[in-house]
*Asks:* 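Take this structure first; my questions come after.
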There are 2 protein chains.
Amino acid sequence: MSPEKRRIRERERRRRAILKASRKLFLEKGFNQVTVSEIAQKAALSKGAIYLYFRSKEEIYAQILLNDIEKFHKKVIHIFREERPASEIIADFADFYVKFFLTDRELFRILISFMLHTNNVGFTEEMNKRVIQETNKTISIIERILQSGVDSGEFKLGKEDIRRVRNVFWGMLNGIISLHLFVGKETKREERIRTNIENGLAIFIEGIKNCM
Amino acid sequence: MSPEKRRIRERERRRRAILKASRKLFLEKGFNQVTVSEIAQKAALSKGAIYLYFRSKEEIYAQILLNDIEKFHKKVIHIFREERPASEIIADFADFYVKFFLTDRELFRILISFMLHTNNVGFTEEMNKRVIQETNKTISIIERILQSGVDSGEFKLGKEDIRRVRNVFWGMLNGIISLHLFVGKETKREERIRTNIENGLAIFIEGIKNCM
DNA sequence: TGACCGGTGGTCATAAACTGACTATGATTT
DNA sequence: AAATCATAGTCAGTTTATGACCACCGGTCA
């Protein structure tokens, strides 16, 4: 291996170290409560060095978001493997979504603040764009599921309907989870969320099968 | 961890990388056939960087030697654990010595050239002193074994005798191994060496039990 | 014998990476 | 609204790394 190659590797290793350290801190304390000095310390670098790898604290945060969203994507993509009724696939999606975020409450908090466009972090337009773009990829998965339901005759929806239904479904998912994470009690949280979402889904699917 | 600590760690990691890379090369090709540029390349560093970690090619070599000798020490030290006749312990030592070096023919070549004081590498006096000092530690182990034999009444040797016997034993060990490694055939090498040393030991122990 | 030559150990000017004291700014207290 | 504080971001100085270069040595050939 050439010195050049080695340096590139080490650069990437440090970058990952910074991301790993700051992710942990952000999840523990929230964006605003974390200082760049803290991140530097945890990554065993000086503050100045952080700025050799990222332009700003926000950029670090954005990168973490993008990584997490990508991670979710890679996992969720397998839901499409099987040939089954769209209503089942969409229930699986919901199930997976809940499970994925319940493993890390703060990860959800971080992502949901973007997904619901309620973040108060001073991102540049560029950063916002990229994060939203990635988020939309996830949302479009729902659209694909709905579309397959229409194709197979299971649902009867127009093009515009699909978009609306997608938004309702997405909102419902995040709304229910948020409700229980931020308001509800710890006890039996997962069960409550699941029940809520099952109920929601039942109404939801019945609705789109018959009404529209 | 502080930046300072991290840097020290990384420094040590590089140093070890250089030693690891050059050890491999030295064993493969011998000291003179290895260039510093090769070492640098294998360690994924520039040539100049090598000289930030070692003063010279010889110093690298010396460090490898010292490490290897130390490694041998740490392993051989356990031979003293048990309470047994000195003649058995010394046979074990011989056995261990053979086994240790047969696992790596070139390691033996490297070390023996020092132990027999036949190295042609341009070490500084300082380096030679340290390596010889470490080698003498190993030789003194033999002395301790002999001494314990005298203490228990198994051998009858004066102070001066012990030193002479030690040298004879040491020379015999290395001589026999060298003989087979550099002259003898590959086939049944270990067996031949063992047989030789067993014979040598029998004569040797009989000699020091009765004659001196 | 001595001029030449290829190869290599070691050097050093330059570049890259890192550091932490410092500055500017926005929030908070008095 | 002045003063104090906290902290994101900067930058001059330091450390570490690079590879072209030099000096030297051993071998070759006239």
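The chains referred to below are lettered A, B, ... by the order of the sequence lines, with proteins before strands, and numbering in each begins at 1. Since we're looking at a predicted model, the values are computed, not measured.
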*Asks:* With each end axis built from five pairs of C1' atoms, what bend angle do you get for the helix from dT1(C)-dA30(D) to dT30(C)-dA1(D)? Round to 10°.
*Replies:*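 The angle separating the two end axes equals 10°.
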*Asks:* Could you tell me whether K71(A) and D68(A) have a side-chain N and a carboxylate O separated by less than 4.0 Å?
*Replies:*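 No, K71(A) and D68(A) are not salt-bridged.
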*Asks:* Using whole Å, report how far CZ of F54(A) lies from P of dA8(D).
*Replies:*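 Roughly 15 Å, once rounded to whole Å.
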*Asks:* Separation of F31(B) atom CZ from dT8(C) atom P, in whole Å?
*Replies:*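 Nearest whole value for this atom pair: 13 Å.
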*Asks:* First locate atom OG of S56(A), then atom OH of Y61(A), and finally report the distance between them rounded to the nearest 0.5 Å.
*Replies:*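 Here the interatomic distance stands at 13.0 Å.
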*Asks:* Can you check the K5(A) NZ to dT18(D) P distance for me, whole Å?
*Replies:*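 Nearest whole value for this atom pair: 14 Å.
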*Asks:* Specify the separation, in whole Å, of atom CD of Q41(B) and atom C1' of dA17(D).
*Replies:*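 Roughly 16 Å, once rounded to whole Å.
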*Asks:* Going 5' to 3' through nucleotides 10-26 of chain C, assign each nucleotide B (protein heavy atom under 4.0 Å from a base atom), S (under 4.0 Å only from sugar-phosphate atoms) or - (no protein heavy atom that close).
*Replies:* BB----SSBBB------
*Asks:* Could you give the CZ-to-C1' distance, from R9(B) to dT16(D), as a whole number of Å?
*Replies:*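 In whole Å, dT16(D) C1' lies 19 Å from R9(B) CZ.
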*Asks:* Roughly, in whole Å, what's the span from CG in N32(A) to P in dA6(D)?
*Replies:*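 For the pair N32(A) CG and dA6(D) P, the rounded distance is 16 Å.
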*Asks:* How many angstroms lie between OH in Y97(A) and CD1 in I142(A), if you round to the nearest 0.5 Å?
*Replies:*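 The CD1 atom of I142(A) is 8.0 Å from OH of Y97(A), to the nearest 0.5 Å.
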*Asks:* To the nearest 0.5 Å, what is the distance between CG on L19(A) and CD on Q63(A)?
*Replies:*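 It is 6.0 Å, given to the nearest 0.5 Å.
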*Asks:* Do the ring centers of F96(A) and F72(A) come within less than 6.0 Å of each other?
*Replies:*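 Ring centres of F72(A) and F96(A) closer than 6.0 Å.
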*Asks:* Flag the pair R194(A) and E198(A) as a salt bridge only when some basic side-chain nitrogen lies within less than 4.0 angstrom of an acidic carboxylate oxygen.
*Replies:*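 Looking at R194(A) and E198(A), the cut-off is not met.
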*Asks:* Taking K137(B) first and then E134(B), would you say they form a salt bridge - that is, a charged N and a carboxylate O separated by under 4.0 Å?
*Replies:*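 A salt bridge is present here (some side-chain N lies under 4.0 Å from a carboxylate O).
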*Asks:* Any ion pair linking E38(A) and K42(A) (charged N to carboxylate O, less than 4.0 Å)?
*Replies:*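 Looking at K42(A) and E38(A), the cut-off is not met.
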